[in-house]
Amino acid sequence: MTKETWIGDVRAGKHDGSKVELKGWVHRSRGSNKIRFVVLRDSTGTVQCVVKRDIVGDETFESVKDALIESSLILHGTVEPTDREHGHEIQVASVEIVGPVNPDTPFPITESAMEQADGGETEFLLDNRHLYLRTSRMTTMLKMRSTVFGAIHSYFRDRDFTEYQAPNFVAGAVEGGSTLFEVPYFGRKAYLTQSWQLYAEAAMPALERLYTMAPSFRAEKSRTRRHLTEFWHAEMEIAWGSNDDVMVHGEGVVRNIASTLLEKHSDDLENMGRDLDLVARYADNPYPRMRYDEAVETLQGMGVDIEWGQDLDYSKEKVLTEDFEIPHFLTHYPRVAKPFYHRPDPEDPKYVLCHDLLAPEGYGEIIGGGERTWSEPEILDRIDEEGNDREAYEFYIDIRRYGGVPHGGFGLGVDRVCAWLSGADHIREVIPFPRDSRRVTP
RNA sequence: GCCGACAUAGCUUAGUUGGUGGAGCGGCGGACUGUUAAUCCGCAGGUCGCAGGUUCGAGUCCUGCUGUCGGCGCCA
């Protein structure tokens, strides 16, 4: 029952003149009483199949006529190159309907449903997400997403990083308890992880170069086009690395994603209205680095109301990145604005050795990372300074007690990168079943 | 947590100063031998989100509720 012929290959001219067996779903169907045109879809594309009553016989012809949109079928026919719109057509000899669609409940995703919401933001399309996935726009997004995941794996594996898995059930917070999802755990409380980082640091002395791609969970009631409660987090950690060393990899992996997308999906990006020159710019140029102080001065020069020591929220990021044509790193945030695991800059402990990577076009922060507080006395100071309980971080402190070394890493929002590079209007467009504060179904 | 919109057929929507809710798509029936979102003729399909209120009369005005969408804060 395996499938041997793919519509993409038919369209590429690999089967011209041959008899083929095609398996797929009815994308569109139209015609008269004597001839019927079925546009057949599979995962590789669509092709028009011509069904003539005098060739297939009355019974088959009627069954094809009754095959509504998204009915599945197997057909046999001959590939015929043509000058018409599709380039190639199938002259059909026989058809078998595999999975019919009941006319009382026709496929609900119609042209009009797609009209107003390319990204699937309408309630209706979100409720019918399981069916929306098979539309061409979503299929393309899912394929590009797969390429992005592949590019991240390749980047790290090509550089001898080890892929390493942390638990998703955790006992405590990485940062601030308010955004943790609490789950019952055999009479105790556990939480869904917000980040792989603390557990990665534990393995840092063992593996030295490690990475992961895993879901992270944040119970934020964020209602923006950049947030999900469950998102895919690409994280890395390296031993013997400084903030600068970590940034090199952040830039490296993002540029690798952009160039891989260009290489494999130029047509898809263009079909979705993405300007390829923009994506090429993100792939080809080094990413400038700007210190927090410089960003604050720039913003003040633009008349933005901001004081030193404030974190840069999205409204300020947006103003700052407005004129940026490529992603920029923002480094050296004030110590007071960042959590304890960021290492204070020995040259000026008012700052920490950290970085955010800000994407242009209003897509905001896609990477957060930096050098970790890595010595025992420093980590104890930082934990106390923030009023945290040392006991909750015993294993984290142990990492420093037994041969602490300089190290660091970053977390990259994979879905955000997918949305940015594809030019999606909303992060929901690039993940099959988006989870936000108001939706866990379907 | 805060702010702002919206809710009419399976979908996308029109609905005037308050006076018996229309259309396009989709579905069904029919016509048509090369269509491209096929076209043409016909049919079915509505507790106007829910609950109150004003009124002779509410899809329309008022109040509450629910749901959804958009934005802010927080972050990837």
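Proteins get letters first, then strands, A, B, ... in listed order; numbering begins at 1 in each. Predicted, not measured: the structure shown is a model, and the values here were computed from it. Only heavy atoms go into these numbers, but all of them, side chains included; no hydrogens, no water, no symmetry mates.
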Is it true that A:Lys316 and A:Asp313 have a side-chain N and a carboxylate O under 4.0 angstrom from each other? yes

Closest-nucleotide ordering on RNA chain B, the 5'-leading residue of A:Lys221 and A:Leu312: A:Lys221

With stacking defined as ring centroids separated by under 5.5 Å and planes differing by under 30°, is A:Phe231 stacked against B:rA76? yes

Quick check: any donor-acceptor pair below 3.5 Å linking the side-chain of A:Arg416 to the base of B:rC75? yes

Consider the side chain of A:Ser32, meaning its heavy atoms from C-beta on, and name the nucleotide among B:rC69, B:rG10, B:rC32 that approaches it most closely. B:rC32

Distance between C1' atoms of B:rU20 and B:rG57 (Å, rounded): 11 Å

If you look at every strand shown and take non-hydrogen atoms under 4.0 Å, does A:Gly411 touch a base, only sugar-phosphate, or nothing? sugar-phosphate

Is there a donor and acceptor pair closer than 3.5 Å between the side chain of A:Glu220 and the base of B:rG1? no

Nearest whole angstrom, please: distance from the P of B:rU36 to the CZ of A:Arg36. 13 Å

Complementary nucleotide of B:rA5, counting Watson-Crick and G-U pairs under 3.5 Å: B:rU68

Counting just side-chain N and O atoms, does A:Asn33 come under 4.0 Å of either OP1 or OP2 of B:rU33? no

Can you tell me the Watson-Crick or wobble partner of B:rC40, both distances under 3.5 angstrom? B:rG30

Can you tell me, in whole Å, how much space there is between the C1' of B:rG42 and that of B:rU17? 37 Å

Does the pair A:Asp66 and A:Ser63 meet the rule for a side chain to side chain donor-acceptor pair (under 3.5 Å), with working shown? CA-CA 5 Å; A:Asp66 291 341; A:Ser63 74; over 6 Å; no

When the distance from CZ of A:Arg439 to P of B:rU66 is rounded to whole Å, what number comes out? 18 Å

Examine the base of B:rC74 for any acceptor or donor lying under 3.5 Å from a partner atom in the side chain of A:Ser222, and report the outcome as yes or no. yes

Is the distance from OP1 or OP2 of B:rG70 to the nearest side-chain N or O of A:His426 less than 4.0 Å? yes

Please determine if a side-chain N or O atom of A:Arg30 lies less than 4.0 Å away from the OP1 or OP2 oxygen of B:rU35. no

Report the relative orientation of the aromatic rings in A:His153 and A:Tyr211; use parallel for angles under 30°, tilted for 30 to 60°, perpendicular for over 60°. perpendicular

Please tell me which of A:Lys34 and A:Asp104 maps to the more 5' nucleotide of RNA chain B, matching each residue to the nucleotide holding its nearest heavy atom. A:Asp104

Whole-Å P distance, B:rA23 and B:rC41: 13 Å

Whole angstroms only, please: what is the CD1-C1' distance between A:Ile35 and B:rU35? 8 Å

Reckon A:Phe124 touches a base, only the sugar-phosphate, or nothing at all at heavy-atom distances under 4.0 Å? sugar-phosphate

So A:His249 and A:Tyr155, would you call those rings parallel, tilted or perpendicular, with 30° and 60° as cut-offs? perpendicular

Are OP1 or OP2 of B:rG73 and a side-chain N or O of A:Ser315 less than 4.0 angstrom apart? yes

Taking the minimum atom-to-atom distance to the side chain of A:Arg226, which one of B:rU68, B:rC72, B:rA38 wins? B:rC72

Could you tell me whether A:Glu429 and A:Arg137 make a salt bridge, using a distance below 4.0 angstrom between a side-chain N and a carboxylate O? yes

Check against side chain to side chain contact (heavy atoms under 4.5 Å, CB included), A:Leu299 and A:Val319: CA-CA 8 Å; A:Leu299 283 167; A:Val319 176; 3.9 Å; yes

Which is true for A:Gln48 with a 4.0 Å heavy-atom rule: it touches a base, it touches only sugar-phosphate, or it touches nothing? base

Which base, if any, makes a Watson-Crick or G-U wobble pair with B:rG57, both distances under 3.5 Å? none

Nearest-Å distance once atom P is located in both B:rU16 and B:rU60: 11 Å

Give the nucleotide from the list B:rU33, B:rG70, B:rG27 with an atom nearest to the side chain of A:Arg225. B:rG70

Can you check the distance between B:rU12 and B:rC65, where both ends of the measurement are the P atom (answer in whole Å)? 27 Å

Are any of A:Arg428's side-chain N or O atoms less than 4.0 Å away from OP1 or OP2 of B:rC69? yes

Testing B:rC72, B:rC75, B:rU68 for proximity to the side chain of A:Arg218, the answer is B:rC75

